[in-house]
Amino acid sequence: DAMVIQNPRYQVTQFGKPVTLSCSQTLNHNVMYWYQQKSSQAPKLLFHYYDKDFNNEADTPDNFQSRRPNTSFCFLDIRSPGLGDAAMYLCATSRATVAGTDTQYFGPGTRLTVL
Amino acid sequence: GQQVMQIPQYQHVQEGEDFTTYCNSSTTLSNIQWYKQRPGGHPVFLIQLVKSGEVKKQKRLTFQFGEAKKNSSLHITATQTTDVGTYFCAGHKTGANNLFFGTGTRLTVIP
């Protein structure tokens, strides 16, 4: 089945130790998103790729970076995780036909713990 | 900036009772989408509304998009324990790829 896959599902890192989360998709969607979701809150968009074009949200800290080497894969790099970065990180994809009218398909998420 | 608020934040109902969550945007939206997130799960798409005043039904769920395209509602008739979860509305501004998620309503159904 076509899907959005995130690895790992659970990640534990130490304060300040870089960590990379990965997302892959078999949907061949041209837009990929990274969200941060903290407990009892809505998903917060960090950035998204429209094809190879990177779009950063204005309030996303510089500590968060992303790479999209090809259509199928997208990575979230946290350069120096702080305790406040502990959260669920959700990857989503969508097919942009008419801009702003596409459904987003979410992966299962990676729960990040920072010790 | 763009704000999408939902009320109530939490709702507890007895199984069989109805439930409604309301979504209000500070700006006009090109469409509204609804997602359901089960405890420990990820958001799952339910439906999209595009037209002003549009109403759609999915079994016991009824979705409405306001005439001004700034508000929406989700109504569940005769709730079941499988309806438990957080319901998020999310909207696109015209021409934008990113969704603005509402604050969510967490529904608890008491058997």
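- Remark: A:Cys74 pairs with no residue by the disulfide (SG to SG under 2.5 Å) rule, at least two apart or across chains.
- With hydrogens and angles ignored, the 3.5 Å screen pairs a side-chain donor or acceptor of B:Gln58 with a backbone N or O of B:Leu46.
- Within 6.0 Å of NZ in A:Lys38 there are more than 12 heavy atoms belonging to other residues, nucleotides or ligands.
- Contacts with chain A (heavy atom to heavy atom, under 4.5 Å) involve these residues of residues 34-44 of chain B, listed by number: B:Tyr35, B:Gln37, B:His42, B:Pro43.
- A donor-acceptor contact closer than 3.5 angstrom links the side chains of B:Ser52 and B:Glu67.
- Counted by atom type alone, B:Thr77 and B:Asp18 present zero donor-acceptor pairs between their side chains at under 3.5 Å.
- Only the side chain of A:Tyr35 comes within contact range of chain B, judged by heavy atoms closer than 4.5 Å.
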- Derivation and outcome, side-chain hydrogen bond (donor to acceptor under 3.5 Å, both in side chains), residues A:Ser94 and A:His29: CA-CA 5 Å; A:Ser94 67; A:His29 285 170; 5.9 Å; no
Next on the checklist: I'd like to know whether A:Phe47 forms a ring pair (Phe, Tyr, Trp, His ring centres under 6.0 Å) with A:Phe54, so could you lay out the CA-CA distance, the side-chain angles of the two residues, the decisive distance to 0.1 Å, and finally the verdict.
Outcome noted: CA-CA 7 Å; A:Phe47 24 60; A:Phe54 178 70; 5.3 Å; yes
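- When heavy atoms are compared at a cutoff of 4.5 Å, A:Ser40 approaches chain B by way of both its backbone and its side chain.
- Using a 4.5 Å cut-off between heavy atoms, A:Gln41 touches chain B through its backbone atoms (N, CA, C, O) alone.
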